[in-house]
Amino acid sequence: MGNKKGLLIILSGPSGVGKGTVRKIVMRDKKLNLAYSISMTTRAPRSNEVDGKDYFFVSNEEFEKNIENNNLLEHAEFVGNKYGTPRDYVEKLRNEGKNVILEIEVNGAQQVLSQVDKKDRISIFLVPPSIEELEKRIRHRRSEEEEIIQQRLNKARREMLLTDQYDYVVLNDTVGRAAGEIKAIIRKNIG
Ligand code: 5GP
């Protein structure tokens, strides 16, 4: 018996591009058998975020302890906060046959690309129509100070140069279309 082990799906792209929104639409397709990898972060929760659902919100000390104990599949610092993927949680889901989506920034994505066998994962990079459009989306979120917004935009400009390392680059022109394209990519890869 035994399920086939699930695929790792790396969904990356600059902050504010809409990874979360697109991912939530993709996950409505139950036939794709998807699960979301909930990350650990030292960032403070936004007003609409729930601990254990959007992130596991932890202290810096707790995060460092998880690194020491090798509990994180990957981790990265992003504009002053730390983010990482709990290794055991992802493995457990994959062993249950779930295809697991990692919604992560580019440094973390690179760590997963170099650690996980090619046959076990696919990588998708979501791009905004333009940097101007990205800026609009980040400002629309109204959750960050101006300096942080500028830092996120600078980082986005650098991140956009790394698209050739991914299996697929998807344009987030409209969320419905981008989600449809990603669903087709996943369908193709899970056979
Ligand atoms: P935000 O603060 O906007 O929630 O996330 C900032 C950036 O960190 C986003 O690009 C988000 O996808 C990324 N991120 C979230 N969780 C993780 C993680 O576990 N590892 C890495 N490397 N990046 C993450």
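All residue numbers refer to positions in the sequence shown, counting from 1. Note that ligands are numbered from 1 as they come in the structure, with each ligand's atoms numbered from 1 the same way.
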Legend entry - Test item: side-chain donor near acceptor, Gln110 and Gln165, under 3.5 Å: yes

Legend entry - Location of contacts on Arg46 toward ligand 1, heavy atoms closer than 4.0 Å: side chain

Inset, instruction - Look at ligand 1 and say whether Thr85 reaches it with a heavy atom at a distance under 4.0 Å. - result: yes

Inset, instruction - State if Arg152 counts as touching ligand 1 under the rule of any non-hydrogen atom under 4.0 Å. - result: yes

Legend entry - All side chain to side chain donor-acceptor pair (under 3.5 Å) counterparts of Ser39, not counting sequence neighbours: none

Inset, instruction - Salt-bridge test for Glu135 and Arg152: reply yes if a basic N is under 4.0 Å from a carboxylate O, no otherwise. - result: no

Looking only at protein heavy atoms, identify the closest one to [atom] and say how far it is in Å.
atom                    : value
atom 15 (C) of ligand 1 : Tyr55 OH, 3.2 Å
atom 23 (N) of ligand 1 : Glu105 N, 3.1 Å
atom 12 (O) of ligand 1 : Lys19 CE, 3.0 Å
atom 19 (O) of ligand 1 : Ser39 OG, 2.6 Å

Give the atom numbers and elements of ligand 1 that come within less than 4.0 Å of a heavy atom of [X].
X      : answer
Glu74  : 18 (C), 19 (O), 20 (N), 21 (C), 22 (N)
Arg43  : 1 (P), 2 (O), 4 (O)
Ala76  : 22 (N)
Gly108 : 22 (N)

Going by heavy atoms in the side chains, are [X] and [Y] under 4.5 Å from each other?
X      : Y      : result
Lys53  : Ile38  : no
Lys188 : Tyr168 : yes
Glu91  : Lys5   : yes
Asn99  : Asn189 : no

Inset, instruction - Would you check whether His75 has a nitrogen or oxygen atom less than 3.5 angstrom from a nitrogen or oxygen atom of ligand 1? - result: no

Legend entry - N or O contact, Ala109 vs ligand 1, cut-off under 3.5 Å: no

Legend entry - Derivation of the salt bridge (charged side-chain N to carboxylate O under 4.0 Å, His left out) call for Glu103 and Arg23: CA-CA 8 Å; Glu103 193 186 307; Arg23 185 254 308 163; 2.6 Å; yes

Legend entry - Atom CD of Glu147 with >12 non-hydrogen neighbours under 6.0 angstrom: no

